[in-house]
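Structure first, commentary second.
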Amino acid sequence: MKNVLAFVHDVIIAEVPKDKIGIDATLGNGHDTLFLSRHLKTVFAFDIQADAIETAKRNRHLENRDNVRLIRDSHVNMAVYVAANIGVIMFNFGYLPGGDKTITTSADTSLEAVQVALEVVDDDGLVTLVFYPGHPEGKREVTMLLPYLENLDSKTYSVMKYHTVNRESAPFAVIIKKHGG
Ligand SMILES: C[S@@+](CC[C@H](N)C(=O)[O-])C[C@H]1O[C@@H](n2cnc3c(N)ncnc32)[C@H](O)[C@@H]1O
(Lines give C-alpha, C1' and ligand atoms only; values in the text may rest on other atoms or scores of the structure.)
Protein backbone atom coordinates (compact mmCIF):
# COMPACT_ATOMS: atom_id res chain seq x y z
CA MET A 1 0.00 0.00 0.00
CA LYS A 2 1.17 3.58 -0.67
CA ASN A 3 2.68 5.45 2.26
CA VAL A 4 1.29 8.93 2.89
CA LEU A 5 4.06 10.79 1.04
CA ALA A 6 3.85 8.58 -2.04
CA PHE A 7 0.09 9.09 -2.01
CA VAL A 8 0.49 12.88 -1.81
CA HIS A 9 3.01 12.85 -4.67
CA ASP A 10 0.64 10.79 -6.86
CA VAL A 11 -2.22 13.23 -6.27
CA ILE A 12 0.02 16.19 -7.15
CA ILE A 13 1.11 14.53 -10.41
CA ALA A 14 -2.50 13.83 -11.31
CA GLU A 15 -3.89 17.26 -10.37
CA VAL A 16 -1.25 19.98 -10.85
CA PRO A 17 -0.34 21.20 -14.36
CA LYS A 18 3.39 21.28 -15.13
CA ASP A 19 3.49 25.01 -15.91
CA LYS A 20 2.57 25.93 -12.32
CA ILE A 21 4.77 27.04 -9.43
CA GLY A 22 5.15 24.67 -6.46
CA ILE A 23 5.98 25.67 -2.91
CA ASP A 24 7.66 23.29 -0.48
CA ALA A 25 6.82 24.99 2.83
CA THR A 26 9.08 22.60 4.80
CA LEU A 27 12.27 21.86 2.84
CA GLY A 28 13.96 19.54 5.40
CA ASN A 29 16.17 17.09 3.51
CA GLY A 30 14.73 18.26 0.19
CA HIS A 31 12.94 15.11 -0.97
CA ASP A 32 9.66 16.91 -1.65
CA THR A 33 11.49 19.84 -3.26
CA LEU A 34 13.26 17.46 -5.62
CA PHE A 35 9.97 15.75 -6.44
CA LEU A 36 8.29 19.12 -7.16
CA SER A 37 11.23 20.35 -9.25
CA ARG A 38 10.96 17.30 -11.51
CA HIS A 39 7.27 17.85 -12.09
CA LEU A 40 6.80 21.63 -12.13
CA LYS A 41 8.18 24.75 -13.76
CA THR A 42 9.50 26.48 -10.64
CA VAL A 43 9.80 25.58 -6.95
CA PHE A 44 10.17 27.86 -3.92
CA ALA A 45 11.35 25.91 -0.85
CA PHE A 46 11.30 27.31 2.69
CA ASP A 47 13.04 26.29 5.90
CA ILE A 48 14.01 28.20 9.02
CA GLN A 49 17.08 25.99 9.57
CA ALA A 50 20.40 26.90 7.96
CA ASP A 51 21.29 23.17 8.12
CA ALA A 52 18.37 22.28 5.86
CA ILE A 53 19.30 24.94 3.30
CA GLU A 54 22.98 23.91 3.32
CA THR A 55 22.15 20.19 3.03
CA ALA A 56 19.83 20.91 0.11
CA LYS A 57 22.54 22.97 -1.62
CA ARG A 58 24.94 20.01 -1.30
CA ASN A 59 22.35 17.46 -2.44
CA ARG A 60 23.77 16.21 -5.75
CA HIS A 61 20.27 15.63 -7.13
CA LEU A 62 19.14 19.16 -6.30
CA GLU A 63 22.28 21.16 -7.04
CA ASN A 64 21.89 20.95 -10.82
CA ARG A 65 18.28 21.97 -10.86
CA ASP A 66 17.93 25.57 -11.98
CA ASN A 67 14.21 25.80 -11.21
CA VAL A 68 14.55 25.68 -7.41
CA ARG A 69 14.82 28.69 -5.12
CA LEU A 70 15.85 27.89 -1.53
CA ILE A 71 14.70 30.44 1.03
CA ARG A 72 15.72 30.58 4.68
CA ASP A 73 12.58 32.04 6.17
CA SER A 74 9.41 30.88 7.90
CA HIS A 75 6.66 29.52 5.69
CA VAL A 76 4.39 32.09 7.32
CA ASN A 77 6.10 34.63 5.02
CA MET A 78 5.74 32.66 1.76
CA ALA A 79 3.49 35.27 0.11
CA VAL A 80 6.28 37.85 0.35
CA TYR A 81 8.29 35.76 -2.15
CA VAL A 82 5.63 34.34 -4.45
CA ALA A 83 1.98 35.21 -4.80
CA ALA A 84 0.67 34.05 -8.20
CA ASN A 85 0.44 30.98 -10.46
CA ILE A 86 0.84 28.63 -7.48
CA GLY A 87 -0.44 25.12 -8.25
CA VAL A 88 0.53 23.36 -5.04
CA ILE A 89 1.86 24.11 -1.56
CA MET A 90 3.27 21.16 0.40
CA PHE A 91 3.68 21.01 4.17
CA ASN A 92 5.47 18.07 5.77
CA PHE A 93 5.29 18.89 9.48
CA GLY A 94 7.69 17.85 12.23
CA TYR A 95 11.46 17.94 12.59
CA LEU A 96 14.34 17.54 10.14
CA PRO A 97 14.95 13.78 9.82
CA GLY A 98 18.43 13.09 11.23
CA GLY A 99 18.62 16.67 12.57
CA ASP A 100 17.82 18.60 15.76
CA LYS A 101 14.53 17.17 17.04
CA THR A 102 13.89 20.29 19.13
CA ILE A 103 13.47 22.39 15.95
CA THR A 104 10.07 21.34 14.76
CA THR A 105 7.15 23.01 13.08
CA SER A 106 4.84 24.41 15.75
CA ALA A 107 1.07 24.40 15.86
CA ASP A 108 0.54 28.19 15.99
CA THR A 109 2.78 29.06 13.05
CA SER A 110 1.65 25.98 11.11
CA LEU A 111 -1.97 27.14 11.38
CA GLU A 112 -1.02 30.68 10.33
CA ALA A 113 1.00 29.39 7.36
CA VAL A 114 -1.78 27.05 6.22
CA GLN A 115 -4.19 30.01 6.28
CA VAL A 116 -1.77 31.99 4.09
CA ALA A 117 -1.37 28.98 1.76
CA LEU A 118 -5.12 28.56 1.32
CA GLU A 119 -5.33 32.24 0.43
CA VAL A 120 -2.46 32.38 -2.11
CA VAL A 121 -2.82 29.02 -3.87
CA ASP A 122 -4.49 29.30 -7.28
CA ASP A 123 -8.08 28.30 -7.87
CA ASP A 124 -8.01 24.56 -8.66
CA GLY A 125 -4.69 24.33 -6.78
CA LEU A 126 -3.77 22.01 -3.88
CA VAL A 127 -2.47 22.48 -0.36
CA THR A 128 -1.08 19.20 1.02
CA LEU A 129 -0.33 18.52 4.68
CA VAL A 130 1.41 15.55 6.31
CA PHE A 131 0.89 15.26 10.09
CA TYR A 132 2.96 13.22 12.57
CA PRO A 133 0.82 12.70 15.70
CA GLY A 134 3.47 10.37 17.21
CA HIS A 135 5.39 13.24 18.87
CA PRO A 136 4.00 15.90 21.27
CA GLU A 137 4.15 18.99 18.98
CA GLY A 138 2.81 16.87 16.14
CA LYS A 139 -0.16 15.94 18.30
CA ARG A 140 -0.73 19.61 19.13
CA GLU A 141 -0.66 20.42 15.40
CA VAL A 142 -3.38 17.82 14.79
CA THR A 143 -5.48 19.15 17.67
CA MET A 144 -5.22 22.72 16.44
CA LEU A 145 -5.36 22.34 12.67
CA LEU A 146 -7.78 19.48 12.09
CA PRO A 147 -10.88 21.25 13.52
CA TYR A 148 -9.97 24.30 11.42
CA LEU A 149 -9.70 22.15 8.27
CA GLU A 150 -12.92 20.29 9.05
CA ASN A 151 -14.75 23.61 9.16
CA LEU A 152 -13.49 25.09 5.88
CA ASP A 153 -16.36 26.09 3.61
CA SER A 154 -16.98 23.11 1.33
CA LYS A 155 -18.07 25.44 -1.50
CA THR A 156 -14.52 26.82 -1.65
CA TYR A 157 -12.41 23.88 -0.45
CA SER A 158 -12.60 20.09 -0.71
CA VAL A 159 -10.69 18.54 2.19
CA MET A 160 -9.66 14.87 1.97
CA LYS A 161 -7.81 12.71 4.51
CA TYR A 162 -5.61 9.64 3.89
CA HIS A 163 -5.22 7.87 7.24
CA THR A 164 -4.22 4.50 8.69
CA VAL A 165 -7.25 3.97 10.93
CA ASN A 166 -5.88 1.11 13.06
CA ARG A 167 -2.71 2.89 14.31
CA GLU A 168 -3.49 6.05 16.22
CA SER A 169 -0.01 7.60 16.01
CA ALA A 170 0.55 6.85 12.30
CA PRO A 171 1.36 9.82 10.04
CA PHE A 172 -1.53 10.92 7.87
CA ALA A 173 -2.14 13.27 4.96
CA VAL A 174 -4.77 15.93 4.37
CA ILE A 175 -5.16 17.25 0.83
CA ILE A 176 -7.14 20.41 0.19
CA LYS A 177 -8.34 21.48 -3.24
CA LYS A 178 -9.39 25.09 -3.72
CA HIS A 179 -12.27 25.51 -6.15
CA GLY A 180 -12.39 28.09 -8.90
CA GLY A 181 -14.70 31.06 -8.49
C1 LIG B 1 9.61 16.91 8.50
S2 LIG B 1 10.77 18.10 7.96
C3 LIG B 1 10.40 18.22 6.26
C4 LIG B 1 10.83 17.05 5.44
C5 LIG B 1 11.07 17.41 3.99
N6 LIG B 1 9.88 17.80 3.28
C7 LIG B 1 11.87 16.36 3.23
O8 LIG B 1 11.50 16.01 2.11
O9 LIG B 1 12.91 15.92 3.77
C10 LIG B 1 10.13 19.63 8.60
C11 LIG B 1 11.01 20.83 8.32
O12 LIG B 1 10.26 22.01 8.61
C13 LIG B 1 11.17 23.01 9.05
N14 LIG B 1 10.43 24.10 9.72
C15 LIG B 1 10.05 24.19 11.01
N16 LIG B 1 9.38 25.35 11.22
C17 LIG B 1 9.35 26.01 10.03
C18 LIG B 1 8.81 27.26 9.60
N19 LIG B 1 8.14 28.05 10.45
N20 LIG B 1 8.97 27.60 8.30
C21 LIG B 1 9.65 26.80 7.43
N22 LIG B 1 10.17 25.60 7.78
C23 LIG B 1 10.03 25.21 9.06
C24 LIG B 1 12.12 22.25 9.94
O25 LIG B 1 13.33 22.96 10.09
C26 LIG B 1 12.27 20.91 9.19
O27 LIG B 1 13.41 20.93 8.37
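Counting starts at 1 for both ligands and their atoms, in listed order.
Those atoms of ligand 1 that come under 4.0 Å of a heavy atom in N92, given as number and element, are 1 (C), 2 (S), 3 (C), 4 (C), 6 (N), 10 (C). Close contacts of ligand 1 with A25, meaning ligand atoms under 4.0 Å from a residue heavy atom, involve 21 (C), 22 (N). Listed by number with element, the atoms of ligand 1 under 4.0 angstrom from any heavy atom of L96 are 26 (C), 27 (O). Heavy-atom proximity to F93, at under 4.0 Å, picks out these atoms of ligand 1: 1 (C). The distance from ligand 1 to the heavy atoms of T105 drops below 4.0 Å at these ligand atoms: 12 (O), 14 (N), 15 (C), 16 (N).
Considering each of L27, T55, I103, D108, the one bringing a non-hydrogen atom nearest atom 7 (C) of ligand 1 is L27. Checking E137, Q49, H31, H75 against atom 21 (C) of ligand 1, the nearest heavy atom belongs to H75.
At a heavy-atom distance under 4.0 Å, no atom of Y132 approaches ligand 1. Residue A113 does not touch ligand 1, judged by heavy-atom distances below 4.0 Å. Contact annotation: for T33 versus ligand 1, there are no heavy atoms closer than 4.0 Å.
Aromatic pair F172/Y132: ring centres not closer than 6.0 Å.
The number of heavy atoms from other shown groups lying within 6.0 Å of NZ (K161) is above 12. Taking a 6.0 Å sphere around NZ of K177, one finds it holds more than 12 heavy atoms contributed by other residues, nucleotides or ligands. No more than 12 heavy atoms of other residues, nucleotides or ligands sit less than 6.0 Å from atom CE of M160. Within a 6.0 Å radius of CD in E119, no more than 12 heavy atoms belonging to other residues, nucleotides or ligands are found.
For the residue pair T105 and E141, a side-chain donor N or O sits within less than 3.5 Å of a side-chain acceptor on the partner.
Polar contact check, S74 against ligand 1: a nitrogen or oxygen pair lies under 3.5 Å apart. Annotation: T26 places an N or O atom under 3.5 Å from an N or O atom of ligand 1; distance criterion only.
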Evaluation steps, salt bridge (charged side-chain N to carboxylate O under 4.0 Å, His left out), between E54 and K57:
CA-CA 5 Å; E54 289 312 312; K57 280 185 185 157; 3.7 Å; yes

Item to check | Trace of the side chain to side chain donor-acceptor pair (under 3.5 Å) decision for S106 with D108 | outcome: CA-CA 6 Å; S106 71; D108 305 279; 5.0 Å; no

Could you walk me through whether D124 and K178 pass the salt bridge (charged side-chain N to carboxylate O under 4.0 Å, His left out) test, one step at a time? CA-CA 5 Å; D124 296 324; K178 183 173 174 179; over 6 Å; no

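Between atom OG1 of residue T164 and atom CG of residue N3 there is a gap of 9.5 Å, rounded to the nearest 0.5 Å.
Remark: minimum distance from atom 2 (S) of ligand 1 to any protein heavy atom is reached at Y95 O, 3.5 Å. Among protein heavy atoms, atom 9 (O) of ligand 1 sits closest to N29 N, 2.9 Å. Shortest contact from atom 23 (C) of ligand 1 to any protein heavy atom: I48 CG1, 3.7 Å. Nearest to atom 27 (O) of ligand 1 among the protein's heavy atoms is D47 OD2, 2.7 Å.
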